[in-house]
There are 2 protein chains.
Amino acid sequence: MTNSDAIENVILELRRGVIVLAALSLLDEEQYGYSLMKRLSECGLEVEQGTLYPLLRRLEGQGLLASSWRIEEGRPRRYYVISQAGREALPGLKAEWGGIVGMMGKVLSK
Amino acid sequence: MTNSDAIENVILELRRGVIVLAALSLLDEEQYGYSLMKRLSECGLEVEQGTLYPLLRRLEGQGLLASSWRIEEGRPRRYYVISQAGREALPGLKAEWGGIVGMMGKVLSK
DNA sequence: CATTATACTGTGTTTCACACAGTATGTCAA
DNA sequence: TTGACATACTGTGTGAAACACAGTATAATG
């Protein structure tokens, strides 16, 4: 592994951690995988299909999301929304995120 | 996996991503693993030994850190510092972090 | 009618974190 | 002085998860 690979890797790890929270937050509004991917991309968070789709299934399996398979606009899509449990967890997770941002602010300024 | 396990898991993922950047930044000053662990803990970032030590070795292997094994205060310790490559990468990584924070600010406010 | 965008599923492979165990020295109090 | 606790690091096994890659299929666009 070269140096720049390692740096690329750090950036990936940095982004990876926030994907779940971003997805949970955006799925306050019902959306299907592909549209969520586009939405995240617009926000500046590029996520591969091979990352996002399994992630959504995982979060559904963990009970933080719910999904339904429907045909809309002539096309079958799996729609995801945040579940009751997810909705209840979200404020705590946002607070946790705020804490991390504050903590990193201190660490990085040193 | 229960619901609260899943939530715990999201928080872990969130913290995990920032550990590398925090470590790199704090290792601007030479330190050994255990003292870095304590320092991170003081900043509010709890990291297990089984996580931090392999991480440091990994980052050294990737060329972002350098280490030397010395005896100080009667006790052998492995001292780590950020390498030249790491030092050069750090501003870019901090900027990346700033971008993520800004992006998440938008995402979470929606 | 061919290409691109849309939209999802599935299968390795590899990278890690994490749990756990092990080793060993220094410190401090009962 | 001895037992507990903090310090300080190494190593192994396991499981979770991203990522690369491949595959399937429909709609839109030129």
Side-chain angles (χ1 to χ4, degrees), chain A residues 1-2 5-24 27 30-42 45-65 67-80, chain B residues 1-2 5-23 27 30-42 45-62 64-65 67-80:
Chain A
M1 180 185 279
T2 71
D5 277 346
I7 293 159
E8 204 50 49
N9 202 40
V10 176
I11 294 174
L12 271 172
E13 284 176 58
L14 230 36
R15 294 176 158 259
R16 193 177 299 155
V18 304
I19 292 172
V20 177
L21 182 54
L24 275 177
L27 285 174
E30 194 182 46
Q31 265 181 96
Y32 51 97
Y34 198 82
S35 69
L36 177 62
M37 204 182 77
K38 290 292 163 192
R39 191 74 89 81
L40 287 168
S41 169
E42 282 165 27
L45 192 61
E46 304 292 339
V47 188
E48 300 296 319
Q49 291 196 346
T51 298
L52 187 60
Y53 287 119
L55 174 71
L56 292 173
R57 277 175 284 192
R58 185 189 118 211
L59 291 177
E60 187 184 14
Q62 291 173 344
L64 298 180
L65 295 179
S67 84
S68 56
W69 183 255
R70 294 203 308 269
I71 296 173
E72 263 174 54
E73 298 166 33
R75 200 186 258 281
R77 287 163 176 161
R78 182 173 292 281
Y79 283 83
Y80 288 91
Chain B
M1 180 184 282
T2 71
D5 278 346
I7 293 160
E8 204 49 48
N9 200 41
V10 176
I11 294 174
L12 273 171
E13 285 177 56
L14 229 36
R15 293 177 158 258
R16 192 178 299 156
V18 304
I19 292 172
V20 178
L21 183 53
L27 285 174
E30 193 182 45
Q31 264 180 98
Y32 50 97
Y34 199 82
S35 69
L36 177 61
M37 206 182 76
K38 290 292 163 192
R39 192 74 89 80
L40 287 168
S41 170
E42 281 164 28
L45 193 62
E46 303 293 338
V47 187
E48 300 295 319
Q49 290 196 348
T51 297
L52 186 61
Y53 286 119
L55 174 71
L56 292 173
R57 278 176 283 194
R58 186 188 119 212
L59 291 177
E60 187 184 14
Q62 291 173 345
L64 299 179
L65 293 180
S67 84
S68 56
W69 183 254
R70 295 203 308 271
I71 297 175
E72 264 176 52
E73 297 166 35
R75 199 188 259 282
R77 290 164 174 161
R78 183 174 290 283
Y79 283 82
Y80 288 92

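Just so you know, these numbers use all the heavy atoms, side chains as well, and skip hydrogens, waters and symmetry mates.
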Quiz prompt | Residue Lys38(A), side-chain heavy atoms: nucleotide from dT6(C), dC18(C), dA20(D) that is nearest | solution = dT6(C)
Practice problem: Identify which nucleotide among dA17(C), dA8(D), dA18(D) has an atom closest to any side-chain atom of Tyr34(B), counting heavy atoms from C-beta outward. | Solution: dA8(D)
Length of the [atom1]-[atom2] vector between [X] and [N], whole Å:
X        : N       : atom1 : atom2 : answer
Leu12(A) : dA18(D) : CG    : P     : 12 Å
Glu46(A) : dC19(D) : CD    : P     : 12 Å
Gln31(B) : dC9(D)  : CD    : C1'   : 16 Å
Tyr32(A) : dT6(C)  : OH    : P     : 8 Å
Leu56(B) : dA17(C) : CG    : P     : 11 Å
Arg15(A) : dC19(D) : CZ    : C1'   : 16 Å
Glu60(B) : dC9(D)  : CD    : P     : 13 Å
Arg58(B) : dC9(D)  : CZ    : P     : 19 Å

What protein N or O atoms touch nucleotides 25-27 of chain C N or O atoms at under 3.5 angstrom, if any, and at what distances?
| residue | atom | partner | partner atom | Å |
| --- | --- | --- | --- | --- |
| dT25(C) | O2 | Arg75(B) | NH1 | 3.3 |
| dT25(C) | O2 | Arg75(B) | NH2 | 3.1 |
| dG26(C) | O4' | Arg75(B) | NH2 | 2.8 |

Self-check item: Charged N-O contact under 4.0 Å between Glu72(B) and Arg70(B)
Solution: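 Result for this pair is yes, salt bridge flagged.
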List every contact pair, protein side and nucleotides 9-14 of chain C side both N or O, where the distance is under 3.5 Å.
| residue | atom | partner | partner atom | Å |
| --- | --- | --- | --- | --- |
| dT9(C) | OP1 | Arg78(A) | NE | 3.2 |

Under the rule for side-chain contact (heavy atoms from CB on, under 4.5 Å), what residues qualify as partners of [X], not counting sequence neighbours?
X        : answer
Tyr34(B) : Tyr32(B), Met37(B), Lys38(B), Gln49(B), Tyr53(B)
Arg78(A) : Ser67(A), Trp69(A), Tyr80(A)
Leu36(A) : Ala23(A), Leu26(A), Leu27(A), Gln31(A), Leu40(A), Leu52(A), Leu56(A)
Arg16(B) : Leu12(B), Glu13(B)

Are [X] and [Y] side-chain neighbours, meaning at least one heavy-atom pair lies under 4.5 Å?
X        : Y        : answer
Asn9(A)  : Gln62(B) : yes
Val47(A) : Leu55(A) : no
Leu64(B) : Val10(A) : yes

Quiz item: What is the minimum heavy-atom distance between Leu45(B) and Ala22(B), and which atoms define it?
Solution: CD2-CB, 4.0 Å
Quiz item: Quick one: is Asn9(A) getting a side-chain N or O under 4.0 Å of the dC16(C) phosphate, OP1 or OP2?
Solution: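 Yes, within the criterion.
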Practice problem: Please tell me which of Ser35(B) and Leu55(A) maps to the more 5' nucleotide of DNA chain D, matching each residue to the nucleotide holding its nearest heavy atom. | Solution: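 In this pair, the answer is Ser35(B).
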